[in-house]
Engineer: 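The structure under discussion is supplied below as structure tokens; questions concerning it will follow.
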Amino acid sequence: MVSIFKLDDLYRFFMRAYPVKSYGGAPPNAALHKELNRCRVALITTAGLHRPEQTPYNDKIIGGDCSYREIPNTIETQLLALGHRSKAFDASGTESDINLVFPLDRFRELENEGKIGSLNDRHFSFMGSITKPKWLIEKTAPEVGQLLQADDVDVVFLTPV
Amino acid sequence: MCNQSVGLIQRAVEATGISTTSITLDESITKRVKPPRALSVPYRFGYPLGEPNNPELQHAIIAEALSLLENEETPPILKVAGTLRVP
């Protein structure tokens with residue numbers, strides 16, 4: 001059996017050859033002018049997390065599923081389901097601790113310690129494995145940005161899987 | 001592709017005026033997508049926060065990623081994580 005470490009290397013090799021589009025110029029820059037302990041923070045992951053009652057992501061869509069799921073801040077993190085399965089990564093770590101990809105419990109600790117101002121009422125998850133990200137770039141990612149802006153979020157912390 | 005998606009989502013969120021920071025497991029992709037701020041960590045795919053059930057390590061990674069928000073360089077800011085090897 002090929003070990004997960006070999007698969008990781010294979011995936012990295014493949015990704016080096018993959019024609020990732022260069023996204024041109026300088027990124028947008030919204031520099032933070034506030035102390036973190038006064039900021040409202042939201043999390044975004046591409047681990048394909050969803051609540052048990054939500055529709056799972058669709059892995060049959062060619063080019064990837066660009067939709068997102070809202071994760072309420074009050075969720076018990078053990079209830080989140082990992083929708084993203086891929087041969088490129090080992091899901092056993094996440095199965096034993098969801099904070100490995102979606103560190104909501106760690107951010108709750110930061111909130112309790114007063115290191116961040118507060119957590120937003122909702123967070124978001126997208127699916128990984130999107131090879132055709134047009135819909136993500138033009139529609140779903142800006143949509144989530146606008147929702148978080150309407151929530152008066154100051155800081156977003158993002159994690160891949 | 002996750003690391004590409006994170007960068008693309010991050011750019012879209014930052015464009016609305018929200019400050020963003022992220023973790024990347026694949027620096028070569030992140031250099032091409034150019035999100036505003038990213039911390040490169042030396043872990044395998046599926047392990048962006050290092051190790052399951054290791055809150056101390058997870059907090060160290062989060063703190064380092066959040067510190068990029070105080071970095072006054074012009075984005076894209078891509079830093080390699082400091083002392084975050086899994087023991």
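Only this structure's heavy atoms are used, side chains among them; waters, hydrogens and symmetry mates stay out. A, B, ... follow the sequence lines: proteins, then strands. Residue 1 opens every chain.
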Engineer: Heavy-atom pairs under 4.5 Å with chain A are the metric here; pick the option from B:Ala38, B:Pro48, B:Ala65, B:Pro76 that has the most.
Structural biologist: B:Pro48
Engineer: Would you mind checking which part of A:Ser92 comes under 4.5 Å of any heavy atom in chain B, side chain (CB onward), backbone (N, CA, C, O), both or neither?
Structural biologist: both
Engineer: Can you tell which of A:Asn99, A:Thr94, A:Thr159, A:Leu148 has the highest number of heavy-atom pairs within less than 4.5 Å of chain B?
Structural biologist: A:Asn99
Engineer: Looking only at heavy atoms and a cut-off of under 4.5 Å, which of A:Pro142, A:Pro28, A:Ala42 has the most pairs with chain B?
Structural biologist: A:Pro28
Engineer: Any luck finding a side-chain donor-acceptor pair between B:Asn53 and A:Ser96 under 3.5 Å?
Structural biologist: yes
Engineer: Is A:Glu76 atom CD crowded by more than 12 heavy atoms from other residues, nucleotides or ligands, each under 6.0 Å away?
Structural biologist: no
Engineer: CZ of A:Phe157 to CZ of B:Arg37: how many Å apart, nearest 0.5 Å?
Structural biologist: 13.0 Å
Engineer: Say whether A:Ile75 and A:Leu49 are linked into one hydrophobic cluster, either directly or through other cluster members, by side-chain heavy-atom distances under 4.5 angstrom.
Structural biologist: yes
Engineer: Measure the CD-CG distance between B:Glu51 and A:Leu100 for me, rounded to the nearest 0.5 Å.
Structural biologist: 9.0 Å
Engineer: Could you walk me through whether A:Phe107 and B:Ile62 pass the side chain to side chain contact (heavy atoms under 4.5 Å, CB included) check?
Structural biologist: CA-CA 9 Å; A:Phe107 273 86; B:Ile62 292 168; 3.5 Å; yes
Engineer: Give me the one residue out of A:Ile130, A:Leu136, A:Thr46 that meets side chain to side chain contact (heavy atoms under 4.5 Å, CB included) with B:Leu8.
Structural biologist: A:Leu136
Engineer: Consider side chain to side chain contact (heavy atoms under 4.5 Å, CB included). Of B:Val6, B:Thr20, B:Ile9, which one does A:Ile44 pass it with?
Structural biologist: B:Ile9
Engineer: When you group the ILVMFWY residues by side-chain heavy-atom contacts below 4.5 Å and let the links chain together, are A:Tyr57 and A:Trp135 in the same group?
Structural biologist: no
Engineer: Is B:Pro36 close to A:Asn29 at the side-chain level, that is, under 4.5 Å between some pair of heavy atoms?
Structural biologist: no
Engineer: Tell me yes or no: between the side chains of A:Asp97 and B:Gln58, is some donor less than 3.5 Å from an acceptor?
Structural biologist: yes
Engineer: Give the intermediate values and the outcome of side chain to side chain contact (heavy atoms under 4.5 Å, CB included) for residues B:Tyr47 and A:Val101.
Structural biologist: CA-CA 7 Å; B:Tyr47 289 72; A:Val101 294; over 6 Å; no
Engineer: Examine whether an atom of B:Pro35 lies under 4.5 Å from a heavy atom of chain A, and if so say whether it belongs to the side chain, the backbone or both; otherwise answer neither.
Structural biologist: backbone
Engineer: Taking all heavy atoms of B:Thr16 and all of A:Gln149, pick out the closest pair and write down the distance.
Structural biologist: O-NE2, 2.9 Å
Engineer: If you count heavy-atom pairs within less than 4.5 Å of chain B, which of A:Ile116, A:Leu147, A:Val144, A:Leu110 leads?
Structural biologist: A:Leu110
Engineer: For the residue pair B:Val13 and A:Gly145, what are the closest heavy atoms and their distance?
Structural biologist: CG2-CA, 4.1 Å
Engineer: Does any part of the side chain of A:Pro27, heavy atoms only, come nearer than 4.5 Å to the side chain of B:Glu14, both counted from C-beta?
Structural biologist: no
Engineer: Are any non-hydrogen side-chain atoms of B:Ile23 and A:Leu158 less than 4.5 angstrom apart?
Structural biologist: no
Engineer: With chain A, which of B:Pro55, B:Ala15, B:Pro52, B:Ala12 has the greatest number of heavy-atom pairs at distances under 4.5 Å?
Structural biologist: B:Pro52
Engineer: Measuring from B:Ser19:OG to A:Lys34:NZ, what's the distance to the nearest 0.5 Å?
Structural biologist: 10.0 Å
Engineer: Between A:Asp90 and B:Arg44, does a side chain to side chain contact (heavy atoms under 4.5 Å, CB included) hold up when you go through it step by step?
Structural biologist: CA-CA 9 Å; A:Asp90 162 20; B:Arg44 57 193 162 123; 3.0 Å; yes
Engineer: In this structure, would B:Leu78 and B:Leu66 fall into the same cluster of hydrophobic residues linked by side-chain contacts under 4.5 Å?
Structural biologist: no
Engineer: Would you find more than 12 non-hydrogen atoms of other residues, nucleotides or ligands less than 6.0 Å from A:Glu53 atom CD?
Structural biologist: yes
Engineer: Do B:Val33 and A:Ile137 sit in one hydrophobic cluster, given that two such residues count as connected whenever their side-chain heavy atoms are within less than 4.5 Å of each other, even indirectly?
Structural biologist: yes
Engineer: Could you give the distance from CG (B:Leu57) to CZ (A:Arg106), rounded to the nearest 0.5 Å?
Structural biologist: 10.5 Å
Engineer: As an exercise, state the distance from CG of A:Asp154 to CD1 of B:Ile18, rounded to the nearest 0.5 Å.
Structural biologist: 8.0 Å
